[in-house]
Structure formats: C-alpha cells, structure tokens
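The structure presented is a predicted model; accordingly, all values stated were derived computationally and were not measured.
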There are 2 protein chains.
Amino acid sequence: MSQAQSVELKLQNPSGLAFDISFASGHKITVDGGEEFGGQNLGPRPMQLLLASLASCTGMDVISILQKMRQPVEEYRIEVAAEEAEDHPKVFTSITIKHIITGKVDEGRLAHAIELSDTKYCPASAMLGAVAQITTEYEIRQP
Amino acid sequence: MSQAQSVELKLQNPSGLAFDISFASGHKITVDGGEEFGGQNLGPRPMQLLLASLASCTGMDVISILQKMRQPVEEYRIEVAAEEAEDHPKVFTSITIKHIITGKVDEGRLAHAIELSDTKYCPASAMLGAVAQITTEYEIRQP
C-alpha cells in the first residue's frame, strides 16, 4: 500500500454549500449545489466531479497509449453520462463513456488502448465498474 | 431511472495529457498528469478529483443537515486521504474522511448528520464504500 494524494476542502460560507477544494498539485477548484438545493451554483456538483474523474482517468490512459503507438490524434473529446437511481442514495446505475477521436487513427489500436485502460490501468474504471455498469463507445472522425 | 448530468472533456493538446472539462452547470476545470508521467501539471490528477467528489458530496449533506438543525457552524473543513494498491489498476483500498467543524455544535447531532450522509444520502459514499473501506472521523473545535 502506498499513500495517495490527499485533498482538503473548506466551506466558503456557513450558510451556503460551496466548498473550496485544494489539491496537493497546487490547484484549487470550487464545487457548489444548485439553487434548488440551497446552493448558489458557484461550481459543478460533486457527482459531476465523479464523472469527470472517471472520464479523465481513462482519457489520460488512452491518449498516453496512443502517443506511445505514434497514432496521429488531432482532436480528442470524451462525453460521459450517467443514469442514477430514483431513491436515496441516488447512485449511478449505468455510465456511458464515449471517446471521439479526430485523426487518421487505427481503429484496432484505439480499441486496444481503451480496453487496456478499462481492464488494466484506470483505477476509477475498476472501482466504479464494480458498482455500476460502464459502457464504452468510440468514434473515429476523419480530419 | 433518471438522467444525471453529463460531462464533456476535450484534450487541450494532442502531445499532452491535459483535459478541459465542461460541466452542465456552466463551469470548466482542467485536469492534467504530473510531469513524471508526461503531463504539465496544469490541473489536479483524475484520482484526486475522485476524492474531491466523495468529500464534497458528503460535506454538502452534512452542512445542509446541520443548517436544518440550526447548529452554529463557524468553519467547516474536510480532509480526505486514500491508500492505493501497489499494482495496476491502483484502486483506492481505504479512504479516510475527517470532518473538522469549528463552532458550538452538538456532537450527537454532528455524528447523526455524518451517519445520515454515509448511509442514506451521499451517492459517492455508497458507490465507493462498496469497493474501498471508508473511515469517517470528526473533530469539533471550540470557537
């Protein structure tokens, strides 16, 4: 076992819901609730961050592998969406991650890069994939 | 089942690892890898975002419940840290969340608020708690 980075949060205002989050990397972001829940929408929602974590975790694996394979990626977008349960706690029951690559990229190599991330490298995929159904899709667009 | 917010990511530069993330709430953040992995540290790491998601999810529950109980919170900080597995995928094996509240807050009510979040309201706790051991601690500091 090794120590992963720790994260610190501070409530902006005791009458609100916004937290300022400080990362060991030196960066800060703010999260907040929506106005319908007593927040002021000063930042994204916590469960949106969960999707952002998952998509960026796998995205960094995939682009890193494609770079090693010398694949000519010109643009790389990811769309991630989730269905949530109706009852509390409203866990994500299914998550869809769509990788959209522009460039003359070999389809087999892209599929292999995504599979390596899904099954071997991305901790967020391994953790969330154990409790929600994660579906991965990809699309290659010609430049 | 209902649709949760979706999130979109765009790779900043095909030779780097940084992604710009756009949330349905209208906000944007950037994540990046460390320089040791080919990134430029332009933002926090994806797995740090996972911890931020978990801590802010439960933190918004707790402060929201304490506000409803009219507890005089003056300051609220959260520290979250995780141990990760040594082998790929380096999943979090244990996570510790420490709630640090300054104010003349009733200890029993704080403990109850945290328990309600842990067991009933926070989707991130429910999902990640199924695959990692989550330990919750709290401290009340007198103002």
Side-chain angles (χ1 to χ4, degrees), chain A residues 1-11 14 17 19 21 23 25 27 29 31 33 38 41 43-53 55-57 59-60 63-64 73-74 76-84 86 88-93 120-124 126-128 130-132, chain B residues 1-11 14 17 19 21 23 25 27 29 31 33 38 41 43-53 55-57 59-60 63-64 73-74 76-84 86 88-93 120-124 126-128 130-132:
Chain A
M1 310 270 266
S2 58
Q3 178 75 27
Q5 297 99 335
S6 59
V7 175
E8 294 184 10
L9 297 83
K10 184 178 188 303
L11 185 67
L17 300 179
F19 282 88
I21 305 177
F23 296 96
S25 59
H27 301 92
I29 65 171
V31 293
N41 189 34
R45 310 292 165 265
M47 292 305 287
Q48 288 185 324
L49 274 198
L50 198 79
L51 294 181
S53 166
S56 57
C57 173
M60 284 190 200
I63 188 61
S64 179
V73 174
E74 296 189 15
Y76 181 14
R77 292 175 180 272
I78 303 172
E79 296 171 0
V80 55
E83 300 280 334
E84 61 185 22
E86 284 185 4
H88 289 295
K90 297 184 177 181
V91 297
F92 291 150
T93 51
K120 184 170 180 185
Y121 290 119
C122 172
M127 296 179 79
L128 298 175
V131 290
Chain B
M1 311 271 267
S2 58
Q3 178 76 25
Q5 296 98 337
S6 59
V7 175
E8 294 184 10
L9 297 84
K10 184 176 187 304
L11 186 67
L17 300 180
F19 281 89
I21 305 177
F23 296 96
S25 59
H27 302 91
I29 66 172
V31 294
N41 189 35
R45 311 290 165 266
M47 292 306 287
Q48 289 184 325
L49 275 198
L50 199 78
L51 293 181
S53 166
S56 58
C57 172
M60 283 190 200
I63 188 62
S64 179
V73 174
E74 295 190 15
Y76 181 14
R77 292 175 180 272
I78 304 172
E79 296 172 358
V80 55
E83 300 281 333
E84 61 185 22
E86 284 185 5
H88 290 294
K90 298 185 177 181
V91 296
F92 292 150
T93 52
K120 184 169 179 185
Y121 289 118
C122 171
M127 296 179 78
L128 298 175
V131 290

- Query: Is any side-chain heavy atom of His27(A) closer than 4.5 Å to a side-chain heavy atom of Ile29(B)?
  - Reply: no
- By side chain to side chain contact (heavy atoms under 4.5 Å, CB included), Pro46(B) pairs with (sequence neighbours left out) Ser56(A), Cys57(A), Met60(A)
- Counting heavy-atom pairs under 4.5 angstrom with chain A, the leader among Ala130(B), Ala126(B), Ala52(B) is Ala52(B)
- Message: Quick check on the interface: out of Glu8(A), Met47(A), Gln48(A), who has the most heavy-atom pairs with chain B under 4.5 Å?
- Response: Gln48(A)
- Item | Largest heavy-atom contact set with chain B, pairs under 4.5 Å, which of Glu74(A), Glu79(A), Lys10(A), Lys90(A) | Lys10(A)
- Residues two or more places apart in sequence or in another chain: which of them pass side chain to side chain contact (heavy atoms under 4.5 Å, CB included) with Ile78(B)? Leu9(A), Phe19(A), Ala55(B), Tyr76(B), Ile97(B), His99(B)
- Measure the spacing between OG1 of Thr93(A) and CE of Met127(B) and express it to the nearest 0.5 Å. 8.5 Å
- Message: With a 4.5 angstrom heavy-atom cut-off, is it the side chain or the backbone of Leu17(B) that approaches chain A, or both, or neither?
- Response: both
- Note on the structure: Most heavy-atom pairs under 4.5 Å with chain B, out of Leu128(A), Ile21(A), Val31(A), Asn41(A), belong to Asn41(A)
- Query: Does the side chain of Glu84(B) reach to within under 4.5 Å of the side chain of Pro123(A), using non-hydrogen atoms?
  - Reply: no
- Could you give the distance from OG (Ser53(A)) to CG (Leu50(B)), rounded to the nearest 0.5 Å? 4.0 Å
- Output the option from Gly43(A), Gly38(A), Gly33(A) having the highest count of non-hydrogen pairs under 4.5 Å with chain B. Gly43(A)
- Would you say the side chain of Ser25(A) lies within less than 4.5 Å of the side chain of Arg45(B), judging by non-hydrogen atoms? yes
- Count the heavy-atom pairs under 4.5 Å between each of Val91(A), Leu49(A), Val131(A) and chain B, then report the option with the highest count. Leu49(A)
